[in-house]
Number of protein chains: 2
Amino acid sequence: MGQDVKLDDVAREAGVSIATASRALSGASRVSPETVRHVTEVARRLGYRVDKIARAMRAGTTRTAGMVVPIIANPFFAELVGAVEGELHKHDFELLLADSQADVEQEAKRLNTLVERRVDGIFVVSQDSRSATAVELVQRSVPIVQVDRSIARIDADFVGIDNEMGVAMVLRHLAELGARSVVLVSADDANSVGRSRRRAFQRVSAELGLSVREPVIGAFDVDTGSRAAGVLLERGELPDAVVTGSDLIAFGVIAALREAGREVPGDVLVTGYDGNAMSGLYSPPLTTVHQPLGVIAREAVMFLMERLKEPGLPPRRMEVRPELIVRRSTDGAPPRSAPDAAAAVDPARPGCHPGAPASGGRTRGR
Amino acid sequence: MGQDVKLDDVAREAGVSIATASRALSGASRVSPETVRHVTEVARRLGYRVDKIARAMRAGTTRTAGMVVPIIANPFFAELVGAVEGELHKHDFELLLADSQADVEQEAKRLNTLVERRVDGIFVVSQDSRSATAVELVQRSVPIVQVDRSIARIDADFVGIDNEMGVAMVLRHLAELGARSVVLVSADDANSVGRSRRRAFQRVSAELGLSVREPVIGAFDVDTGSRAAGVLLERGELPDAVVTGSDLIAFGVIAALREAGREVPGDVLVTGYDGNAMSGLYSPPLTTVHQPLGVIAREAVMFLMERLKEPGLPPRRMEVRPELIVRRSTDGAPPRSAPDAAAAVDPARPGCHPGAPASGGRTRGR
DNA sequence: TTGTACGCGTTATCAC
DNA sequence: GTGATAACGCGTACAA
């Protein structure tokens, strides 16, 4: 560990002072060109590498950000982490990853550790409202950017998707297809994502005059989907469409329905949410609300960078515009619907066009 | 950033020296119990947090490991990263994540950065043999643990799956079902995983007397699967079974075949590799070779920990035993096979039993 | 048992 | 343009 060559060695070997060596390499200022060349050459020859720990010690900044996610193995968070890491790298930042295991106490501990590591900022996909105390505390030491999920009490930057808009896109699409009865299968109200998707579903389906069945509520995982399929089948007649809160739920629903001999979209339409890589590959390919994670990551990192430059900045919120991707799981009119059901849709409302490119719309405020 | 309370503050407030405060908190030795209580209390009240950068500076160890993967968004690597992170956490280590974007130059840079960050060890899922120079260089500064993929020239610890065994399990399973003709769709020989799977396929299928079609070679991704399906269809008659090198390839194959009106397992059997979370959820559920990532991660971390304790240790290799998971994608005998084809299988060979729990078998040497 | 003082490797400040 | 030196916050050898 200590066998590495340090600046001191380079300086001695190059016959200059340690200060000159530092300046020559940092490309800072006031060093004669030939000294620079010489020192650089010596450094290269000796295989010198800065000790960024020492540099951080001196500079008071680590050029490292932390990121806490509920569970990295979830493809959605994996993609998100990948996007954030890539974006950070453009700014010459490193990423310290922490998996909270979907546990609030773990989350609190991991946040604390990140502060101890002196990260310059933390991206957090928080668990639920119980995360508030820990986040609030940590926020006093280091800038926080909430990603995907936001906690009401927390006055920190936030970047996520416009959940309401996504749900609205799905419901309008279904209504246009002639669906009359719909059911929601999603997560509970513990975090902002589940909450806003559920509320949007209630509001928009009412606006569209759809017949709403009792929702099946659980988590954003496959099991919730399979369980929901069981519940729906027990109730007897299936609704025209099942609107789910995540692609994983949709996979669970479809797989379980198929086990029971029901086909999608033949017997019932199903939609997902998130638009992960598997959604287009599934059978049937899934109609879903795609989240432009690249945009979300870019904006989240931008928020942090701007805050580092200007710490006094007021907290900002951004909700990125989602994109509806129409695929086979909602192909064709629902089986039992009257052909004129589509008349219930207000034609004046622009809705969304499947092929339209997603542009990250910015919403400021708060 | 500098507004945080430091040890000095705690010491002053507690009315003791900085050394005593340090000892009291580190729980080291030789401190009166009541001093410990007092200092601890003051620290808590002031909200003191150690500066682990400073501690690392002093201790010469960061308690941080780096991990370089080709692409974190790939569910397989995501799960692997998650498992490693969790395992590291048990040892009070943090994880610095680096995505090499499947690019050798990026990989080299990221490895270097990790060294500069003074990580105590690096887990690397290397790109291919071109990664050798960078890894070799970096290895002189910090312990390396190769995970999943191994580079021949590199004399570092390695933990991965027993690729040959996995392929053998699949082929015996297919042979037992009566498959006579098989084709491989997998990645090229650039990295050890693709290489050993392909070689094992050749060897074992010959041993089993299977009729082998010209393989379709690409990468471990979905596109390779779709493309392969096209190739197979163009060739005319499908083989009895398609053996793929990854679940993603299998998804691609199945989806494309279905587009063309062919069914799995009705028209052809298909197997995957990796056993990721989606494999059981797909339609049809995928027969696949499951990699116990928990075991792999645990052993990889163990390797590092042991090496940190005892740097002189000779490099070790471990190949973890995979587990065949039989599902519907290979349900039933292949359509065109003679019923007695299964006789080609040597019944004395233990093969693998679907329900058998995977135990991480250790192989040492090198 | 506790306190003093030094060093970890780097960079910035101040003299020359 | 270059060199000497202080400082970042902590842990510990040594002294008391």
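Lettering follows sequence order; numbering is per chain, from 1.
Side-chain atoms of B/Ala19 lie closest to D/dT12 of the nucleotides D/dC10, C/dT11, D/dT12. Proximity note for A/Val31 (side chain, C-beta onward) versus D/dG9, C/dG9, D/dT2: the nearest is D/dT2.
Between the side chains of B/Arg49 and A/Ser141, at least one donor N or O sits under 3.5 Å from an acceptor N or O. Residues A/Thr64 and B/Arg117 bring a donor and an acceptor atom of their side chains to less than 3.5 Å of each other.
With hydrogens and angles ignored, no donor-acceptor pair closer than 3.5 Å exists between the side chain of B/Arg58 and the base of C/dG9. A donor N or O paired with an acceptor N or O is found under 3.5 Å between the base of C/dG3 and the side-chain atoms of B/Arg23. A donor-acceptor contact under 3.5 Å is not formed by the side chain of A/Arg55 with the base of C/dT10.
The distance from atom CG of B/Leu304 to atom CG of B/Leu88, rounded to the nearest 0.5 Å, is 7.5 Å.
Using a cut-off of 4.0 Å between Lys/Arg side-chain N and Asp/Glu carboxylate O, B/Arg118 and A/Asp51 are scored as salt-bridged. Ion pairing between a basic and an acidic side chain is recognised when a charged N comes within 4.0 Å of a carboxylate O; A/Arg12 and A/Asp9 show such pairing. Between B/Arg316 and B/Glu306 there is a salt bridge, since a side-chain N of the basic residue sits under 4.0 Å from a carboxylate O of the acidic one.
Taking atom CE of A/Met57 as the reference point, atom C1' of D/dG11 lies 11 Å away to the nearest angstrom. Taking atom CD of residue B/Glu116 and atom C1' of nucleotide C/dG9, one finds them 13 Å apart after rounding to whole Å. If you measure from atom CG of A/Leu7 to atom P of D/dG3, you get 12 Å, rounded to the nearest angstrom. D/dC8 atom C1' lies 18 Å from atom CZ of A/Arg117, rounded to whole Å. The distance from atom NZ of A/Lys6 to atom C1' of C/dG7 is 10 Å, rounded to the nearest whole Å. Atoms CG (B/Asp51) and P (D/dA7) sit 18 Å apart, rounded to a whole Å. B/Arg12 places its CZ atom 15 Å from the C1' atom of C/dG3, with the value rounded to the nearest Å. Atom C1' of nucleotide C/dT4 and atom CG of B/Asp8 are separated by 13 Å, given to the nearest angstrom.
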Secondary-structure string, 5' to 3', Watson-Crick or G-U under 3.5 Å, | for another-strand partners, for DNA chain D: ||||||||||||||||

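For C/dG9, neither phosphate oxygen OP1 nor OP2 lies less than 4.0 angstrom from any side-chain nitrogen or oxygen of A/Tyr48. A/Thr20 has a side-chain polar atom (N or O) that falls below the 4.0 Å cut-off from OP1 or OP2 of D/dG3. Residue A/Ser22 places at least one side-chain N or O under 4.0 Å from the OP1 or OP2 atom of C/dT11. Within the structure, every side-chain polar atom (N or O) of B/Thr35 is placed at least 4.0 Å from both OP1 and OP2 of C/dT1.
For the pair B/Gln101 (side chain) and B/Gln106 (backbone), a donor-acceptor distance under 3.5 Å is absent.
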Could you walk me through whether A/Glu107 and A/Arg110 pass salt bridge (Lys or Arg N to Asp or Glu O under 4.0 Å), step by step? CA-CA 5 Å; A/Glu107 185 180 57; A/Arg110 306 311 300 266; over 6 Å; no

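A/Ile18 comes within 4.0 angstrom of a nucleotide base, judged by non-hydrogen atoms across all strands.
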